[in-house]
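One structure is given below, encoded as structure tokens.
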Amino acid sequence: MPGAGPVTDPGPFSAHRGLLFTVAYEITGSVVDAEDVVQETWLRWSSRPGGDDGSPEEVHDVRAYLVRIATRLALNAVRSRTRRQEDYVGPWLPEPLLTTPDVADDVVMSESVSMAMLLVLESLSPQERAVFVLREVFGFAHGEIGEAVGRSDAAVRQIAHRAREAVQARRPRFETDPAQVQSVLERFWAAVTTGELEQLMDVLAPDVVVHSDGGGIRSAARRPVSGRDNAGRLILGLAGKATAAASFETVLVNGMPGVVLRLNGEVDTVAVFETYQGLVSRIYMVRNPDKLTSRDPVRLSR
């Protein structure tokens, strides 16, 4: 399970592992990086300096202490990845994360880990991203955030205000009523199954956008595909290539309805759907095998 790591600890660290993974994932958009952050945070926690008797230093606020370490490590990971992304082939999407139903039930959490929101956060600087996540999602005080990102209280307030305005201008819109979403997706799959373009276009929003990420390893559109007609033809073209060796599994991905496509038993694509006003508004398809590492649904924590 992502975030669990190879170590076990019945003490204070264990109680905050889910929180640390969630913070790291929202900052980095990567399951692998978030797992590494949790593991490295554990190592720093377990090896923290102690007194003359060799015992570890006493920590009065374990939650804030651990999040401070994890945030700094996550920021390092983002800065390192940003340099690698300069050579990335095609659009970059966050690494999809299979999530448990309770994530979808938490509106704040489901929005914060949605593909759309993670892409919005990508438009911020690493520091703005960390400040926004810690303040708006997890409710940390400005002073606590300042200790995590190495800025003054006043500077954090300015960064938080700037980040909040930037996110608000691009904030994704999607339906959160599970029954409504299910109804839309049933119509969508019925249209895909019949292969009728007109029927499919009836369930796609006029400004629908399909994002696909193959990372140069698997075939994918090099730029987002927009509009009913273009998106519909792309979807039916992909569906037509499905073989008898293909299987589909409906899952929750990043708190949203999704599908895992397997070919010959191996994960080929993870797709995430967003709906708005009774129509499919966004589809995110991750095909880069390096990003298809999530296996078991994760219970995120605030």
Side-chain angles (χ1 to χ4, degrees), residues 1-5 14-31 34-35 37-38 63 66-67 70 74 93-121 129 132-140 164 167-168 170-189 203 205 211 248-260 267 270-286 291-302:
M1 170 180 171
S14 181
H16 299 290
R17 294 176 73 86
L19 168 66
L20 299 177
F21 177 82
T22 309
V23 168
Y25 177 72
E26 293 201 18
I27 293 176
T28 65
S30 166
V31 175
E35 290 176 330
V37 165
V38 172
R63 181 176 184 264
L66 292 173
V67 168
L93 288 177
E95 188 173 341
L97 178 68
L98 302 186
T99 49
T100 54
D102 64 294
V103 176
D105 294 337
D106 184 331
V107 175
V108 173
M109 179 65 76
S110 63
E111 181 189 27
S112 70
V113 298
S114 69
M115 282 284 183
M117 179 58 78
L118 291 176
L119 284 177
V120 170
L121 294 180
R129 190 181 319 175
F132 180 86
V133 167
L134 293 179
R135 180 62 183 169
E136 300 298 321
V137 181
F138 298 99
F140 282 93
R164 192 181 306 112
V167 170
Q168 194 61 41
R170 305 179 182 90
R171 200 172 209 104
R173 299 175 302 172
F174 50 78
E175 290 166 332
T176 57
D177 184 332
Q180 283 185 316
V181 174
Q182 184 62 31
S183 175
V184 174
L185 292 183
E186 285 176 359
R187 290 165 52 213
F188 173 86
W189 284 115
V203 78
H211 303 262
F248 296 86
E249 177 188 4
T250 57
V251 292
L252 285 174
V253 185
N254 293 71
M256 300 291 176
V259 170
V260 175
V267 176
V270 173
V272 189
F273 301 86
E274 291 177 359
T275 67
Y276 184 65
Q277 295 184 338
L279 299 171
V280 174
S281 56
R282 292 289 185 276
I283 303 175
Y284 305 91
M285 298 189 299
V286 180
K291 294 185 177 183
L292 303 178
T293 61
S294 182
R295 292 291 181 265
D296 300 313
V298 177
R299 179 186 295 274
L300 301 177
S301 172
R302 284 198 286 157

Work out which heavy atom in [X] is nearest to a heavy atom in [Y]; give both atom names and the distance.
| X | Y | answer |
| --- | --- | --- |
| Asn254 | Leu118 | ND2-CD1, 3.6 Å |
| Leu119 | Pro94 | CD2-CD, 3.8 Å |
| Val203 | Phe188 | CG1-CA, 3.8 Å |
| Arg63 | His16 | CB-CE1, 3.6 Å |
| Leu279 | Arg187 | CD2-NH2, 4.4 Å |

> Who passes ring-ring contact (aromatic ring centres under 6.0 Å, His included) against Phe174, sequence neighbours left out?
Replying inline: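 Checked Phe174 against ring-ring contact (aromatic ring centres under 6.0 Å, His included); zero matches.
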>> Going by ring-ring contact (aromatic ring centres under 6.0 Å, His included), name the residues that satisfy it together with Tyr284, two or more places apart in sequence or in a different chain.
In response: His211
Side chains of [X] and [Y] in contact at under 4.5 Å (non-hydrogen atoms):
| X | Y | answer |
| --- | --- | --- |
| Met117 | Val120 | yes |
| Pro257 | Gln182 | no |
| Val272 | Ile283 | no |
| Val298 | Thr100 | no |
| Val167 | Glu136 | no |
| Leu252 | Pro101 | yes |

Please check: side-chain N/O of [X] versus main-chain N/O of [Y], any donor-acceptor pairing under 3.5 Å?
| X | Y | answer |
| --- | --- | --- |
| Thr22 | Ser301 | yes |
| Thr275 | Val181 | no |
| Thr99 | Gly255 | yes |
| Arg135 | Phe140 | yes |
| Gln180 | Gly278 | no |

Approximate separation, where rounding is to 0.5 Å, of [X] [atom1] and [Y] [atom2]:
| X | Y | atom1 | atom2 | result |
| --- | --- | --- | --- | --- |
| Ile27 | Arg129 | CD1 | CZ | 8.5 Å |
| Met256 | Arg282 | CE | CZ | 12.5 Å |
| Arg173 | Ser281 | CZ | OG | 8.5 Å |
| Asp102 | Met109 | CG | CE | 8.5 Å |
| Leu20 | Glu35 | CG | CD | 13.5 Å |
| Leu97 | Leu300 | CG | CG | 5.5 Å |

>> As a quick check of understanding, evaluate side-chain contact (heavy atoms from CB on, under 4.5 Å) for Leu98 and Val253, giving each step before the final call.
In response: CA-CA 5 Å; Leu98 302 186; Val253 185; 3.9 Å; yes
>> Between Glu26 and Val113, is the side-chain contact (heavy atoms from CB on, under 4.5 Å) condition met? List the steps.
In response: CA-CA 6 Å; Glu26 293 201 18; Val113 298; 3.3 Å; yes
> Do Glu95 and Thr293 have a side chain donor and acceptor closer than 3.5 Å?
Replying inline: yes
> Can Val31 and Phe21 be said to form a side-chain contact (heavy atoms from CB on, under 4.5 Å), step by step?
Replying inline: CA-CA 8 Å; Val31 175; Phe21 177 82; 4.3 Å; yes
> Could you walk me through whether Val286 and Met115 pass the side-chain contact (heavy atoms from CB on, under 4.5 Å) check?
Replying inline: CA-CA 11 Å; Val286 180; Met115 282 284 183; 4.1 Å; yes
